[in-house]
Amino acid sequence: MSDRPRISARISAISESATLAVDAKAKAMKAAGRPVIGFGAGEPDFPTPGYIVEAAIQAAREPRFHKYTPAGGLPELKQAIAAKTRRDSGYAVEASQVLVTNGGKQAVYEVFATLLDPGDEVLVVAPYWTTYPEAVKLAGGVQVDVVTDESTGYLASVEQLEAARTERTKVLLFVSPSNPTGAVHSREQTVAIGRWAAEHGLWVVTDEIYEHLVYGGAEFTSIATAVPELGDRVVILNGVAKTYAMTGWRVGWLIGPNDVVKAATNLQSHATSNVSNVSQMAALAAVSGDLSAVAEMRSAFDRRRQAMVRMLNEIPGVFCPEPKGAFYAYPSVKELIGKELRGRRPGSSAELAELILEEAEVAVVPGEAFGTPGYFRLSYALGDDDLAEGVSRMGKLLSEAH
Ligand SMILES: Cc1ncc(COP(=O)(O)O)c(C=O)c1O
């Protein structure tokens, strides 16, 4: 019998998605009849708007959509994505610069697989979304963390980025609004970071999936448009999941220079071929329609955001800067680590999150999942009553810590 490992080193190195793990445990407890309130989900709690669903139903009836279509996406959808990008970001792109992917996640994998050679470094601002490190690792790249905290509202400065840059740095990953922190860079900060990247010949991969979810006075700035100096070294990642409540439909895209898009399309043609035509036609209705559905969701999220931040900051030992975008709050719970709570002494945010799930039946994702222990991520994409009940249960429990 061969003594070679059953699973390759490359795949063994991939961690389970911590966000999905919390969600699975919460769902299992719920199924067992316990009244768990989950703040783990990274998806809107609204259904997909009716006109988008109708477009999918019509597409399912058309025989031409029962067949393979071009691996890189339906030409009409690529056109519509190029037009939407001009409309929302003022960024001029041709349909040939668009690759339609199986959700934003596939775009993340493909961009790093396309840009990175072994040893190439990627600057990633921590706290970061859990998928990025795995995608960089799989491509043979090396992630270099640029760690931020609540004192700056989780925003990285040019000085911090410069301190992390080496000869091997190829890519800066720029995510604003951010998952998990909700941080949004101002136009000035975005321009400063983009110019710094351009000056050093870095590529910028920018994940704009939360572009329409910004609150208060915050504004979304596309670094691709704001910093023309980046030229043909910028790749935009985006998708319909968050803007149109379409997480289950699996449509995202990547926009970049022609050579990158062509290479990534070759990869996709062997990995998955075309995204489901029915989903692509739903996405076409979404991106060619107006933004009224997201405007409605945004006002509900804004109300919940304010309620959640206020309630979190009332809990002793919890500090939550105001998130300006996406639908997550990212409070620090560092002061509570090591304190006694119901006869236990949680030594990390992961242990504290587990105790909260067991004792208060509330699921939160610990900061360990995002590269910064000592924090929790709570999604506010859930109903107002559940939100108030969940944070209040957690608050009551945490107030016992001493
Ligand atoms: C920052 C960010 N980018 C991309 C995605 C990908 O979303 P999807 O693959 O559902 O389109 C997500 C989803 O959670 C995300 O939070």
Side-chain angles (χ1 to χ4, degrees), residues 16-23 38-46 48 52 73 77 81 84 98-113 122 124-136 143 148 154 156 171-185 204-214 220 222-223 235-255 264 268 271-272 275-276 279-280 282-283 286-287 294 297 301 323-330 365 369-371 377-382:
E16 179 189 15
S17 159
T19 47
L20 295 184
V22 169
D23 206 40
F39 289 105
E43 58 186 347
D45 58 324
F46 299 94
T48 303
I52 297 175
L77 177 57
I81 290 168
K84 167 250 170 283
V98 178
L99 165 60
V100 180
T101 58
N102 230 290
K105 254 184 196 171
Q106 192 180 20
V108 172
Y109 274 88
E110 289 178 348
V111 74
F112 290 123
V122 182
V124 179
V125 174
Y128 45 72
W129 180 44
T130 39
T131 287
Y132 301 132
E134 308 306 333
V136 170
Q143 171 168 330
T148 64
Y154 308 107
V171 178
L172 164 69
L173 175 65
F174 186 76
V175 188
S176 175
S178 150
N179 172 7
T181 64
V184 179
H185 281 277
V204 174
V205 171
T206 176
D207 187 335
E208 302 191 339
I209 204 151
Y210 293 102
E211 64 181 327
H212 292 294
L213 293 173
V214 287
F220 163 73
S222 175
I223 196 167
V235 179
I236 298 175
L237 312 178
N238 206 333
V240 291
K242 318 285 174 173
T243 302
Y244 305 99
M246 289 179 72
T247 45
W249 297 80
R250 312 309 305 136
V251 183
W253 56 85
L254 170 164
I255 294 175
Q268 181 161 304
T272 53
V275 173
S276 154
S279 286
Q280 287 197 71
V287 298
V294 65
M297 283 200 301
F301 288 152
K324 304 275 171 57
F327 39 64
Y328 310 101
Y330 201 72
V365 188
F370 312 104
R377 188 192 77 173
L378 289 85
S379 162
Y380 47 84
L382 76 170

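When a ligand or atom number is given, it counts from 1 through the structure's own listing order.
Under the ring pair (Phe, Tyr, Trp, His ring centres under 6.0 Å) criterion, F370 pairs with Y330, sequence neighbours left out. Applying the side-chain hydrogen bond (donor to acceptor under 3.5 Å, both in side chains) criterion to K242, with sequence neighbours excluded, gives Y210. Scored by the salt bridge (charged side-chain N to carboxylate O under 4.0 Å, His left out) test, K84 finds D88, E211 as partners (sequence neighbours excluded).
Put simply, the side chain of P133 reaches to within 4.5 Å of the side chain of Y128, judged on heavy atoms. Side-chain contact between Y109 and T101 is absent, with no heavy atoms from C-beta onward closer than 4.5 Å. With a 4.5 Å cut-off on side-chain heavy atoms, D207 and V205 do not count as touching.
Protein residues with a heavy atom closer than 4.0 Å to ligand 1 are G103, G104, K105, W129, Y132, N179, D207, I209, Y210, A241, K242, R250, listed by chain and number.
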